[in-house]
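For reference, the structure discussed in these notes is given below.
Side-chain atoms are counted along with the backbone in the values below, which use heavy atoms only and exclude waters and symmetry mates. Quick caveat, the model's predicted, so the values are computed rather than measured.
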Amino acid sequence: MPSSPPGGFADPLWRSVAVFRFASLAYVGLLVLRDAGRYAHPVAAGGVLLVMLAWSGVTAVGYARPANRRWPLLLADLGVVLAILAVTPWVVGRPALAAGVPALAVAWLAGPVLAWAVSGGRRRGTVAALLVGGTDLITRGRIGPSSLTGAILLLLAGAVVGHVARLAVSTEERLQRAVELEAATRERERLARDIHDSVLQVLSLVQRRGAHLDGEAGELARLAGQQEVALRALISGAPPTSPADPGGEVDLRSLLSGYASATVQVSAPATPVPLPASVAREVAAATAAALDNVRRHADGRGWVLVEDEGDTVTVSVRDAGPGIPEGRLVEAARQGRLGVAQAIRGRMTDLGGEVRIISTPGEGTEIELMVPRRSR
């Protein structure tokens, strides 16, 4: 588990471990004063108590710095506690331990378990608890209900504290990502304001002034309009067109948004319009074929409308051109021009969909591409 940076959510946990050591050491001191007369070597018990006090101070200072919360100090912490547990039978005496006198470390032995749990999560805390609890049971000579309960509580403490520590670090990482995202969003908004006040206004001015000109000036105006639309989509965070998993789904809006330009307006629902990737690509290709007709016969000005009706998705391509004369589509098919017959109708038929063409001479043309959610 990655360590928490200075000032992070894990710092209070490390301070709590230090407080626990001194509080549990105070309890150990009281027990030593009460039971010193029953110890085999009471003077040695006082020396061990001083070692525990010194080590509590060392760990409190050491763990306060994130750079020290690593294996050297963690292993030394565990080693000191195991050493104290190892000398307990000699200091207290086997008869006294058999009579129910508490071991020297008592609750203080949980210190390294908590430290390991905070530094590495549940697994590391559980390992430390098994080592400390197992050593404690071995040094007692015989296992009673109270000693077994203590080992189980130690194991639970390592697992629970480790879980809480992992959640703290995970929460901190998510918060850091959210702060970075917010900062990036603010910067993009600032750049968007600057671009809107300069570049976008220039592009819009060029497009308006040159829209009715011929030759290179008109082409320059058209390109300026296209770049204005693309730049507006970029600074607004519009989802770019991206390849999809052939077996998955793709948002149809992301495919059709690429057709938007200074002369083509694309309108879609605010929510995603998911379709199987292969279906969405075919609908987008049919839409492109319809827009190609708009460019050739209606001065390139068109409107694309996406409607999600639940069981059916409809894409309408409309223009304000001269319309399609009656019989013109049949004649074009006979001449081998199969743009509508194959590129549009053929695709929709393969998808189990339907094409409707509504055209009035002098009033424009509307092509409706309707595709079911599931192919028939």
Exercise. Do you know which of D77, D11, N68 makes side-chain hydrogen bond (donor to acceptor under 3.5 Å, both in side chains) with Y63?
Worked result: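 Of the listed options, the one satisfying the test is D77.
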How far does [atom1] of [X] sit from [atom2] of [Y], to the nearest 0.5 angstrom?
{"X": "T135", "Y": "I84", "atom1": "OG1", "atom2": "CD1", "value": "12.5 Å"}
{"X": "D319", "Y": "S359", "atom1": "CG", "atom2": "OG", "value": "7.5 Å"}
{"X": "I357", "Y": "T365", "atom1": "CD1", "atom2": "OG1", "value": "8.5 Å"}
{"X": "L252", "Y": "R281", "atom1": "CG", "atom2": "CZ", "value": "12.0 Å"}
{"X": "T88", "Y": "D136", "atom1": "OG1", "atom2": "CG", "value": "8.0 Å"}
{"X": "L167", "Y": "H163", "atom1": "CG", "atom2": "NE2", "value": "4.0 Å"}

I want to check something: taking the side chain as every heavy atom from C-beta on, are [X] and [Y] in contact at a cut-off of under 4.5 Å?
{"X": "V106", "Y": "S24", "result": "no"}
{"X": "S257", "Y": "V266", "result": "no"}
{"X": "T314", "Y": "E309", "result": "yes"}
{"X": "L104", "Y": "V32", "result": "yes"}
{"X": "E282", "Y": "V371", "result": "no"}
{"X": "L154", "Y": "L109", "result": "yes"}
{"X": "R356", "Y": "S316", "result": "no"}
{"X": "V283", "Y": "M348", "result": "yes"}

Exercise. Do R318 and V294 pass the side chain to side chain contact (heavy atoms under 4.5 Å, CB included) test, and can you show the C-alpha distance, the side-chain angles, and the key distance before you say yes or no?
Worked result: CA-CA 8 Å; R318 180 170 59 88; V294 171; over 6 Å; no
If every non-hydrogen atom of [X] is compared with every non-hydrogen atom of [Y], which pair is closest and at what distance?
{"X": "A277", "Y": "V250", "result": "CA-CG1, 3.8 Å"}
{"X": "P42", "Y": "A36", "result": "CB-O, 3.5 Å"}
{"X": "P112", "Y": "A128", "result": "O-CB, 4.4 Å"}
{"X": "R21", "Y": "S56", "result": "CB-OG, 4.1 Å"}
{"X": "M52", "Y": "A105", "result": "CE-CA, 4.1 Å"}
{"X": "D308", "Y": "P272", "result": "OD2-O, 4.2 Å"}

Using modelled atom types and a 3.5 Å cut-off, is there a donor and acceptor pairing between side-chain atoms of [X] and backbone atoms of [Y]?
{"X": "Y259", "Y": "A284", "result": "yes"}
{"X": "S170", "Y": "R166", "result": "no"}
{"X": "D251", "Y": "P274", "result": "no"}
{"X": "R373", "Y": "G310", "result": "yes"}
{"X": "R347", "Y": "G353", "result": "no"}

Exercise. Considering residues at least two apart in sequence or located in another chain, which fulfil the side chain to side chain donor-acceptor pair (under 3.5 Å) criterion with Q265?
Worked result: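 Q265 satisfies side chain to side chain donor-acceptor pair (under 3.5 Å) with no residue once adjacent residues are dropped.
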Exercise. How about F22: does its CZ atom have over 12 heavy atoms from other parts shown lying under 6.0 Å from it?
Worked result: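 Correct, the count exceeds 12.
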Problem set entry | Neighbour count >12 (heavy atoms, 6.0 Å) for atom CZ, R65 |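 Not more than 12 within 6.0 Å, no.
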Exercise. Side chains of Q176 and E172: is there a donor and an acceptor less than 3.5 Å apart?
Worked result: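 No, no side-chain donor-acceptor contact under 3.5 Å.
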Is it possible for you to say whether [X] and [Y] belong to one hydrophobic cluster, with membership spreading through side-chain heavy-atom contacts below 4.5 Å?
{"X": "V355", "Y": "M370", "answer": "no"}
{"X": "L131", "Y": "W55", "answer": "yes"}
{"X": "W108", "Y": "L130", "answer": "no"}
{"X": "V306", "Y": "W303", "answer": "no"}
{"X": "V58", "Y": "V61", "answer": "no"}

Exercise. Would R69 and L73 count as a side chain to side chain contact (heavy atoms under 4.5 Å, CB included) if you check the C-alpha gap in whole Å, the side-chain angles of each, and the deciding distance to 0.1 Å?
Worked result: CA-CA 7 Å; R69 299 166 187 170; L73 185 56; over 6 Å; no
For this session: May I have the step-by-step check of side chain to side chain contact (heavy atoms under 4.5 Å, CB included) for V315 and L305, ending in yes or no?
Result: CA-CA 6 Å; V315 178; L305 175 63; over 6 Å; no
For this session: May I ask you to decide if the ring planes of W71 and W116 are parallel, tilted or perpendicular, using 30° and 60° as cut-offs?
Result: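 Plane angle over 60°, so perpendicular.
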